[in-house]
Amino acid sequence: MSGKTASIDENSSAAELNQPQRYSPAEIEPKWQALWDADASLYAAEGHDSGKPKYYCLEMLPYPSGKLHMGHVRNYAIGDALARHMWMRGFNVLHPMGWDAFGLPAENAALKNGVPPREWTLSNIAAMRKQMQRMGYSYDWATEVTTCLPDYYRWNQWFFLKMFEKGLAYRKKSKVNWCPDCQTVLANEQVIGGRCWRHEDTVVEQRDLTQWFLRITKYADELLDGLEKLQGWPEKVRTMQRNWIGRSEGAHVDFAVVSSQGSDATPLKITVFTTRVDTIFGATSVQLAPEHAVSKAFALEDDALRVQIEELLEQQKKARETDALGAIEKHGVFTGRFAVNPFNGERVPIWVANYILADYGTGAIMSVPAHDERDFEFAQKYGLPVRRVIAPVVDTKSAAGSDANDLVLPYLAEKEAVLIDSGEWTGLGCVAAQEEMAAFAKAKGFGTPTVTYRLKDWGVSRQRYWGTPIPMVYCDKCSPGEPLPVAESELPILLPEQIDITQTNGSPLGRVPEFVNAKCPKCGGVARRETDTMDTFVDSSWYFYRYTDAKNSAAPFDSDKANYWFPIDQYIGGVEHAILHLIYSRFWTKVMRDLGLVKNDEPAERLFTQGMVIKDGAKMSKSKGNVVSPDLMIERYGADATRMYSLFAAPPDRDLEWQEEGVAGISRFLSKVYRLTMKFSSVARAKGVATGPKDQALLRRLHQTIAKITQDFDGRWHFNTSISSIMILVNEITANEAAMDAGEVSPAAVAEVFRGLILMLAPFAPFFAAEMWEQLGGEGVVFRTAWPVVDEELAREAEAEIPVQVNGKLVTVVKVPVGSDEATVKAAALADPKVIARIEGKMVVKVIVVPGKLVNLVVK
RNA sequence: GCCCGGAUGGUGAAAUCGGCAGACACAGCGGACUUAAAAUCCGCAGGGAGCAAUCCCAUGGGGGUUCAAGUCCCCCUCCGGGCACCA
């Protein structure tokens with residue numbers, strides 16, 4: 001007891017005696033930050049000749065809103081812990097950061113405050129970079145990428161030209177979201193519940209517009225098949241991408257249109273897409289989308305029909321706008337016309353229906369009510385015939401007739417079914433029939449096997465100002481209607497900076513004559529520049545390659561450098577990017593590979609998606625008023641405690657409930673470590689061999705902790721348990737404090753424990769670790785010091801505590817030497833007085849001994 | 001409707017391969033130090049019964065497999081996310 005008060009002895013300096021120092025992040029953190037900010041080499045990646053294995057650790061780049069939020073803090077705390085850990089494990093680490101700096105908020109801010117987008121964006125970047133530095137993230141700022149600067153976006157333009165050359169960029173007319181109030185096109189993300197994000201009361205319309213597209217569908221199969229190889233990606237993300245690509249195998253079949261009068265066949269035909277061509281003998285109608293060319297043709301001939309079709313189209317549009325397509329009530333109208341089923345020559349009625357989508361498949365289907373739920377519902381409503389053409393294998397065997405008719409329709413066969421009433425294909429299995437009938441259609445010239453995708457080509461045109469100008473021009477003289485690519489040497493096509501974007505109608509760039517007027521690359525005459533800009537997802541599709549060679553002015557990057565660093569070893573970000581960004585960037589990588597720029601097929605080997613930061617049960621957001629500012633946390637508890645809490649409160653893949661008391665707890669923990677480290681800092685400088693009588697418990701706990709944390713980094717990343725094991729180590733130190741004061745722990749052991757402790761804290765609390773490392777007299781930079789290595793011998797417990805159960809209920813715990821064999825453990829269990837009392841007078845039926853785990857006695 | 005997550009004390013969570021449920025924290029309670037408070041340190045703590053030894057109940061609910069289930073199997077409820085007439 002007296003040891004505690006007398007503990008400040010000859011090891012402590014006078015200064016410590018007079019004014020015991022307390023943990024003060026407000027002093028420690030700025031001190032180290034200043035040193036780190038001034039040293040560009042600190043986090044610089046080395047070249048391929050470093051002699052070390054490379055490790056590319058990447059976090060998703062943020063949009064520079066101007067403020068770091070807790071989601072960022074958590075995302076980057078994970079990446080930073082990993083990067084620092086890998087440095088300590090001897091890797092050559094690339095850990096970059098950049099800015100996804102184009103996009104509408106900048107234009108919005110300009111409208112609201114009159115600040116030019118560029119100025120607004122760059123000042124936001126400066127503010128956020130400062131916050132990141134204050135957080136102590138280990139980014140190599142020499143490789144910083146800012147997508148809104150010409151030295152970056154010129155390569156977007158360069159890629160666009162390459163894609164145009166290869167036929168991967170093309171123009172076509174397509175539907176876009178149009179806000180009649182803004183007089184401009186909106187991206188899908190800006191349509192909320194069918195309404196404009198800026199005008200809550202304005203319903204967004206669909207308009208036809210000529211747009212630029214990138215041919216991502218060319219890679220649809222490769223993007224799909226590649227998912228199998230991405231074992232380091234979360235299954236959830238792979239499933240989402242699989243669904244998004246939506247590959248479906250089927251067939252196109254042509255139905256010739258006949259007039260309602262009968263015999264005079266017209267050249268009109270309807271091509272339907274079906275995945276179940278084997279059910280075609282059950283087709284009792286053909287259904288068209290309201291916008292199908294044939295629907296339109298019929299509408300022209302029949303005013304009454306036209307009105308009805310327009311109504312169907314209205315219903316569909318409305319449903320689409322309110323995101324309720326799935327809930328639309330099925331309506332349809334008979335056109336009075338018929339089509340011929342090419343397989344049996346039968347005439348079936350042609351209908352137009354509101355549930356048929358013009359932009360999937362061919363916009364026309366054959367309706368088989370007996371074997372499709374939707375067709376069945378429609379047929380029931382309009383009294384169309386239902387004709388069964390497939391049956392389960394069992395019920396054909398049990399002979400024809402009644403059992404078969406008991407079957408509930410629609411019958412949706414999987415594989416075990418055969419065709420009935422299907423002409424020459426009757427009796428064939430469904431799977432075989434699908435193949436044979438598609439092949440038959442092809443041979444006869446009225447169809448073909450087809451693969452359809454849900455994935456569509458990527459529309460990249462945006463009628464906005466703050467984005468990459470599309471490097472194309474139009475010359476009425478030498479290529480009317482056909483766009484011409486600008487010469488590579490003309491790049492970058494600069495975004496004009498003095499621009500009035502307060503007007504909202506049309507493309508802002510179209511109102512800048514200096515921009516629009518261009519020289520035709522072919523004839524040298526007057527030409528018009530394309531005034532659309534690129535989707536910002538273009539920027540983020542390849543930014544991580546630019547990090548490997550950020551200053552290159554002759555190419556997007558040097559292939560050797562990219563090939564050294566790629567693929568990304570670990571990509572970390574939010575699951576909200578599971579589809580768009582992560583599929584576009586996979587596509588871009590494949591295009592670059594085919595251009596010979598890189599060798600890898602996929603950008604990232606492993607992907608980690610962290611959970612959201614929650615407060616009071618809801619996602620932090622301005623509208624909910626539950627935002628916790630990182631700045632405030634830093635002010636109160638410091639950056640180290642803030643980051644460490646974000647790793648401690650939950651496993652990184654789970655949602656995290658922000659509780660300020662928890663941050664305070666981490667801060668208290670760091671204070672405790674600070675006090676102990678300062679107190680023993682002189683002792684802990686000792687070198688030599690550990691020989692003290694009380695060394696063992698401490699060293700054992702140290703090595704158990706090393707083993708645990710090393711394992712966490714290599715495996716599950718459950719840093720919450722890593723940090724808790726460090727706390728256990730510190731508790732062990734506290735429990736041994738008196739022994740340490742009394743000199744019962746050798747200085748060498750004290751040194752080993754404290755050095756190990758601080759090294760293990762370095763990935764989680766870098767400022768703190770740097771300060772403590774200095775206090776311990778550690779040499780060099782703490783997070784470049786080798787990660788401690790486990791000594792299995794020291795980590796091992798001398799005795800094992802083996803729980804003993806009787807009939808599965810815990811009775812006692814016996815101590816046996818570690819590694820005891822079954823007989824020893826059993827003997828120890830049976831010798832225990834509590835066990836003896838419990839089994840007295842009963843028969844031991846069975847003894848289960850799991851060495852090192854437990855003993856269970858089954859008694860009667 | 002379909003596909004993924006998830007549900008464990010007052011709270012965040014732990015239990016990684018079927019083997020002592022609640023580690024580590026937060027909040028709480030009791031104590032020490034202090035004139036006092038803060039800070040710090042020590043201790044208690046799933047629920048219920050009992051003076052106690054001890055017993056009973058407990059991982060969203062119900063069944064099952066097993067010597068043994070938070071963990072595996074079947075059914076159900078609730079919460080979160082994604083997709084949704086994709087032919």
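These values consider heavy atoms only, across backbone and side chains, with no hydrogens, waters or symmetry-generated copies. Each chain gets a letter, A, B and so on, in the order its sequence line appears, and its residues count up from 1.
Atom CD1 in I726(A) sits roughly 15 Å away from atom C1' in rA23(B) (whole-Å rounding). We find that OH of Y674(A) is positioned 16 Å from P of rC41(B), with the value rounded to whole Å. In this structure, D712(A) places its CG atom 18 Å from P of rA23(B), rounding to the nearest Å. In this structure, W717(A) atom CH2 and rA13(B) atom P are separated by 20 Å, rounded to whole Å. Rounded to a whole Å, the CE atom of M240(A) is 19 Å from the P atom of rC2(B).
For rA68(B) and rG50(B), the P atoms lie 32 Å apart once the distance is rounded to whole Å. Distance noted for atom C1' between rG12(B) and rA27(B): 11 Å (whole Å).
When each of rC20(B), rA14(B), rC24(B) is scored by its nearest atom to the side-chain atoms of F648(A), the top-ranked nucleotide is rC24(B). The V813(A) side chain lies nearest to rC20(B) when the options are rA25(B), rC20(B), rA13(B). Distance from the side chain of I848(A) is smallest for rC67(B) among the nucleotides rA25(B), rU40(B), rC67(B). Listed nucleotides rG12(B), rA13(B), rA87(B) differ in distance to Q659(A); the shortest reach to its side chain belongs to rG12(B). Among the nucleotides rA14(B), rC20(B), rC56(B), the one closest to any side-chain atom of L810(A) is rC20(B). The side chain of E661(A) approaches rA27(B) more closely than any other nucleotide in the set rA39(B), rC24(B), rA27(B). Here rC67(B) is the nucleotide among rC67(B), rC83(B), rG12(B) with the atom lying nearest to any side-chain atom of N856(A). Checking rA15(B), rC26(B), rA25(B) against every side-chain atom of R668(A), the shortest atom distance belongs to rC26(B). Nearest to the side chain of L854(A), among rG19(B), rA25(B), rC42(B), sits rG19(B). Taking only side-chain atoms of K834(A), from C-beta outward, the nucleotide of rU54(B), rA87(B), rA27(B) with the closest atom is rU54(B).
Looking at heavy-atom distances under 4.0 Å, K456(A) makes no contact with the nucleic acid at all. Contacts of Q287(A) with the nucleic acid, taken as non-hydrogen atoms under 4.0 Å apart, are absent. As judged by a 4.0 angstrom heavy-atom cut-off over every strand, D375(A) is placed among residues making no nucleic acid contact. Heavy atoms of V858(A) sit under 4.0 angstrom from primed sugar atoms or phosphate atoms, though from no base atom.
Looking at R238(A) and Q241(A), their side chains never bring a donor and an acceptor atom within 3.5 Å of each other.
In terms of phosphate contacts, K809(A) brings a side-chain nitrogen or oxygen within less than 4.0 Å of OP1 or OP2 of rC56(B). OP1 or OP2 of rG5(B) has not a single side-chain nitrogen or oxygen of K236(A) nearer than 4.0 Å. Remark: R454(A) is not in phosphate contact with rA87(B), judged by side-chain N or O atoms under 4.0 Å from OP1 or OP2.
Base pairing of rA7(B) is made with rU77(B), judged by Watson-Crick or G-U wobble geometry with both donor-acceptor distances under 3.5 Å.
Test F669(A), F719(A), W658(A) against Y645(A) for ring-ring contact (aromatic ring centres under 6.0 Å, His included) and you get one pass: W658(A).
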One pair to check against side-chain hydrogen bond (donor to acceptor under 3.5 Å, both in side chains): N731(A) and T734(A). What are the steps and the verdict?
CA-CA 5 Å; N731(A) 290 344; T734(A) 312; 4.9 Å; no
